[in-house]
Amino acid sequence: MLLDQRKLDLAVEMQAKSYALLRWVGQAVASGLLSFRTAHTYSSLPLAAAEWIEKHFQNIPEAARVDQTDIPVFANFFSTYLENSFDLIENPGKIKFSPDTHCFCPMCSWMIDAPNLKTKSLSAGDKKRALKMQIHSVLQLGIDTSAPLDESLAQAIVSQNGEATALLAYGHDLIQRLDATANGPAVLALWRRFAWNASGSPKPKFRLSTKMILNAESELRALVAPR
Ligand SMILES: [Zn+2]
């Protein structure tokens, strides 16, 4: 399926707000504003996140707050953000919280560690998987535009259009994340392909937009379709 602009708009918003929420939680935990004494029995991270966000809704700053009706989808997205991008450090909260006084449900485990979550380091396997996602998205674009292509051509398109194909693959992944599908750190590798510069540092002031992703799709479409 070609990218759906409406879903993409929602996903791009959820991503920016997930980042803002995690930053806010980090500050709130560090300054002792959040308590983790209530024992929860949530079984999954998305479910735990939804109830957590609901409960703290009034305190969450504007930049990290979604419409109340979007909370379930935001919780889905937020959980993939944690899983794709961060490593949960051993001995969560050992400084501020003693283990017998806080909750170990999936959400609290993450939140307690929010001030010192570590960005995942990428393995060669993650990068290879990112490349596969790029190739797959080009093959899919061929199918969706009635111009199917073979894998070697898709590979060539990827190697000549690294940024655009990473954006396309990332766009498809963004939409899956609305359903809580986390494809893991390969997604972080895709992100760095377009949001970081060649020297390996984040592009200053980079801000992902729907337009950027849709432009990449139409650029690639012109390469795939008119043969
Ligand atoms: Zn909990």
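In this chain, residues are counted from 1 in sequence order. These figures come from a predicted structure and were not determined experimentally.
Between L178 and N76, every side-chain heavy-atom pair lies at or beyond the 4.5 Å cut-off. For the pair W52/V25, a side-chain contact is recorded, criterion being any heavy-atom separation below 4.5 Å from C-beta on. In this structure, the side chains of L117 and W110 come closer than 4.5 Å at one or more pairs of heavy atoms. L149 is listed as a side-chain neighbour of I157, based on a closest heavy-atom distance under 4.5 Å. Under the 4.5 Å side-chain criterion, counting only non-hydrogen atoms from C-beta, F74 is in contact with S18. Looking at heavy atoms from C-beta onward, L153 lies out of side-chain contact with V224 at the 4.5 angstrom threshold.
Across every non-hydrogen atom of N84 and K120, the tightest pair is O-CD, 3.4 Å. Shown here for A189 and D126, the closest heavy-atom pair between the two residues is CB-O, 4.3 Å. Shortest non-hydrogen contact noted between L141 and L168 is CD2-CD2, 4.2 Å. Nearest approach of P115 to A30, heavy atoms of both residues: CG-N, 4.1 Å. Closest non-hydrogen pair, P185 versus L122, comes out as O-CD2, 3.3 Å. The two residues L45 and L82 make their nearest non-hydrogen contact at CD2-CD1, 4.3 Å.
Side-chain atoms of S199 and N197 include a donor-acceptor pair closer than 3.5 Å. For the residue pair T181 / Q176, no side-chain donor-acceptor distance below 3.5 Å is found, with atom types taken as modelled. Counting only N and O atoms by type, the side chains of D150 and S152 include a donor and acceptor under 3.5 Å apart.
Counting non-hydrogen atoms of neighbouring residues, nucleotides and ligands closer than 6.0 angstrom, the OH atom of Y19 reaches no more than 12 such neighbours. Around the CZ atom of R192, the shell of radius 6.0 Å holds more than 12 heavy atoms that belong to other residues, nucleotides or ligands.
One distance of note links CZ of F77 with CD of Q15; it measures 5.0 Å at 0.5 Å rounding. Once rounded to the nearest 0.5 Å, the distance linking OG1 of T165 with CG of L131 reads 8.0 Å. Taking CG from L188 and OH from Y81, the interatomic distance works out to 9.5 Å, rounded to the nearest 0.5 Å. To the nearest 0.5 angstrom, L47 atom CG is 11.5 Å from M107 atom CE. The CG atom of N183 lies 11.0 Å from the CG atom of L174; values are rounded to the nearest 0.5 Å. Here L3 contributes atom CG and E217 contributes atom CD; the two are 4.0 Å apart, rounded to the nearest 0.5 Å.
With respect to H136, the side chain to side chain contact (heavy atoms under 4.5 Å, CB included) criterion is satisfied by exactly one of Q134, Q140, K132: Q140.
Ring geometry, F194 versus F206: the interplanar angle falls from 30° to 60°, so the pair is classed tilted.
A distance-only check finds a donor-acceptor pair linking the side chain of D4 to the backbone of K7 [under 3.5 Å].
Taking the centre and axis of the six-membered ring of F57, the NZ or CZ atom of R65 falls inside the cone set by 45° and 6.0 Å.
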